[in-house]
Amino acid sequence: MGSLIPFQDLNLLPDPATSPSTAATAITPALIFPKIEPKLEPFDAPTLPLQSFPENPSPNFFVNSGQLPFVGPGSNPNDTVFSQTPEGSPEENNVYSEYYRISELFRTAFSKRMENLGNIDVLDPDSRAIVPVPEETRISNVVVSRRRDQRSSELVRVTDLTIDHVRYFRDLVRRTRMLYDALRIFSMMEEEKRREVGLITRRSRGDLRAAKLMKDRGLWLNRDKRIVGSIPGINIGDLFLFRMELCVVGLHGQAQAGIDYLPGSRSSNGEPIATSIIVSGGYEDDQDEGDVLIYTGHGGQDKFSRQCDHQKLEGGNLALERSMHYGIEVRVIRGIKYEGSVTGKVYVYDGLYKIHDSWFDVGKSGFGVYKYKLLRNEGQAEMGSAILRFAENLRISPLTVRPVGYLCEDISTKKENVPVFLFNDIDGDNEPMYYEYLPRTVFPLHAYNLGGNGSGCDCVAGCTDDCVCARRNGGEFAYDQNGFLLRGKPVIFECGSFCRCPPTCRNRLTQKGLRNRFEVFRSRETGWGVRSLDLIQAGAFICEYAGVVLTREQAALFSMNGDTLIYPNRFTDRWAEWGDLSKVYSDYVRPMHPSIPPLDFAMDVSRMRNLACYMSHSSCPNVLVQFVLYDHHNLLFPRLMLFAMENIPPLRELSLDYGVADEWTGKLPICN
DNA sequence: GCCTGCTCAATACC
DNA sequence: CGGTATTGAGCAGG
């Protein structure tokens, strides 16, 4: 029997595009990842110090000696940082910030702000935790200071990351993006509530609010260095739904402009250098053929994006020209239309390009434009935008696009809402066809008898925030209106058969089954794996991890027979990371209620299973396990529901943290 | 440091 | 639904 879940860590595998020779050979960690010290390659300074890799992104806040800086909720862009300091001369302790002795006027304004905003938080400079300030210390001797939050002018390239760094940065980027998403959704829900009450008429933008909250707290990444080339933790093919998110992770620093660059006024030799561009079809003279790209400079457009004037060789246009002159690579992000994303658009990181030519041309509307011919660097992973396009064709007619490799058009035999394909173009293995497909976990009868069940809500017209089921979840629903997980909880109570709400109730998310088309596919690196033909948005429900539940005694018998078992309590608690706002709100309480006892059951997947069984392990996974109850309320037997932890591009392999103690020698949750 | 102008956003609203 | 008006943010440059 082939291995059910491969032993390798998905994230530790080499990229087949860059290391084709290792793909087919036996994989050992030492072979693939020789230890290389990370180094930065300076452009101008020959003795640039090695970059240290901090535990947290470096805060843009100054640190007073012995004083804690106040961090306001940041509604006013002109005074984001407040600090309290004794009488005397605070300046001598701080080289970054400017101090203003607070005037009577400002004191009043400040206390008003505090009245309006409630909590004022402190960023502890040592622990980086955000803690509330005692009421009585707030007003006295307040000095307002501000540090201009400017991007660094130090130009560096990051090379030779060790596998530990790769993993660290991947995780850092993922956590940052999870926080951004959580903030975006929460601030939009907050606004919606205020709008319903009539406090405001117009909704403000969640994407901008989330970015600002994070910026005020120093949570944007890569602002202490200007990185040329790839950004640690961001892979080719990574997807972003909001332009601001690119700023937050440091992939592209311009909120709207398409060319990001270090301005000449801040570079060592007085010449601007481009670092990244966004190609989103906004310029009529662009010609995009993937590997070869004719990019138009910016400028000369009116407010309706119509070319109305000649472009000038300045700003980003000059920076691109200079980058060409020095042969410096540029990150390329494509903004493409994509049905099924919330914004109808998606930004894809497509890797590094070099500018090979530039010239001044007459554009389609008769105005002079600057043009740049960019060629994609060799040896990079496949372009994310090409995969997106390929996946779109695949969804329309899979057999035309990939005539070879489909073993089965639906291993679920219509038990799921959508077909689950089986694909193997590598070898003759067709093992998944021989298992009975089990869309939902089967619990023993006594699971339904124990525990408090039978009571549900009476919300015939749809559930409200104060109904029985909402209260059971700690006074809120776990999913938003669009069906995304808001924040992870120890367990979620969905509405069920004992509720009177309609089937359209938003608190019935996971019981409705699959929403994306998946395929189980054969891979040389991970054995069998699972991937989606659709973009799966962060927070979206994927599927249940299904099996037949066994008690401890039954499990003991089964393991003696050598059958394959899953132990739910071994999955790492990744749900706790989802929707955690403690980095931003001091009064944020992690959801601990309702708590569940340690799980003491196993699931047999040796005869009946669903697609989840084929997901690979990763210590840096893109899928999390969330316990959910809906057909009974027995806390001893929750269902294992899988949610996306990040935007998962089509055809990217899904991975779960099975809670392996050590990737290479530790035990897997599946035991034979 | 302060202000202005610019920008291949995103959303509301008609 | 599509166009456009509104709100809005960072950043470069003076």
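Labels below follow one simple rule: chain letters A, B, ... track the order of the sequence lines, proteins then strands, and each chain is numbered from 1. Only heavy atoms go into these numbers, but all of them, side chains included; no hydrogens, no water, no symmetry mates.
- Checking the phosphate oxygens (OP1, OP2) of C/dC11, a side-chain nitrogen or oxygen of A/R223 falls inside 4.0 Å.
- Closest to the A/K212 side chain, of the nucleotides C/dA9, C/dC11, B/dA9, is C/dA9.
- Taking all atoms of both residues into account, the shortest heavy-atom contact from A/K312 to A/Y370 is C-CE1, 3.5 Å.
- Base engagement by A/Y295 is indicated by at least one non-hydrogen atom pair under 4.0 Å involving a base atom.
- In the set B/dT7, C/dA12, C/dG10, C/dG10 carries the atom at the smallest distance from any side-chain atom of A/K215.
- Among the nucleotides B/dC8, B/dT11, C/dG10, the one closest to any side-chain atom of A/F242 is B/dT11.
- Taking the centre and axis of the six-membered ring of A/F240, the NZ or CZ atom of A/R177 falls inside the cone set by 45° and 6.0 Å.
- No contact: A/G206 has no heavy atom under 4.0 Å from any strand.
- A salt bridge does not link A/D238 to A/R174: none of the charged nitrogens lies less than 4.0 Å from a carboxylate oxygen.
- Listed nucleotides B/dC8, B/dA9, C/dA12 differ in distance to A/Y347; the shortest reach to its side chain belongs to B/dA9.
- Taking a cutoff of 4.0 Å between a charged side-chain nitrogen and a carboxylate oxygen, A/R487 and A/E476 qualify as a salt bridge.
- Relative to the side chain of A/W220, the nucleotides C/dG10, C/dG8, B/dT11 differ in distance, and C/dG10 lies closest.
- At a cut-off of 3.5 angstrom, counting only N and O atoms as typed in the model, there is a donor on one side and an acceptor on the other between the side-chain of A/R205 and the base of B/dA9.
- Here A/Y261 does not reach the OP1 or OP2 of C/dC11: none of its side-chain N or O atoms lies under 4.0 Å away.
- Among the protein residues, A/L208 comes within range of the sugar-phosphate backbone only, with heavy atoms under 4.0 Å from sugar or phosphate atoms but none that close to a base.
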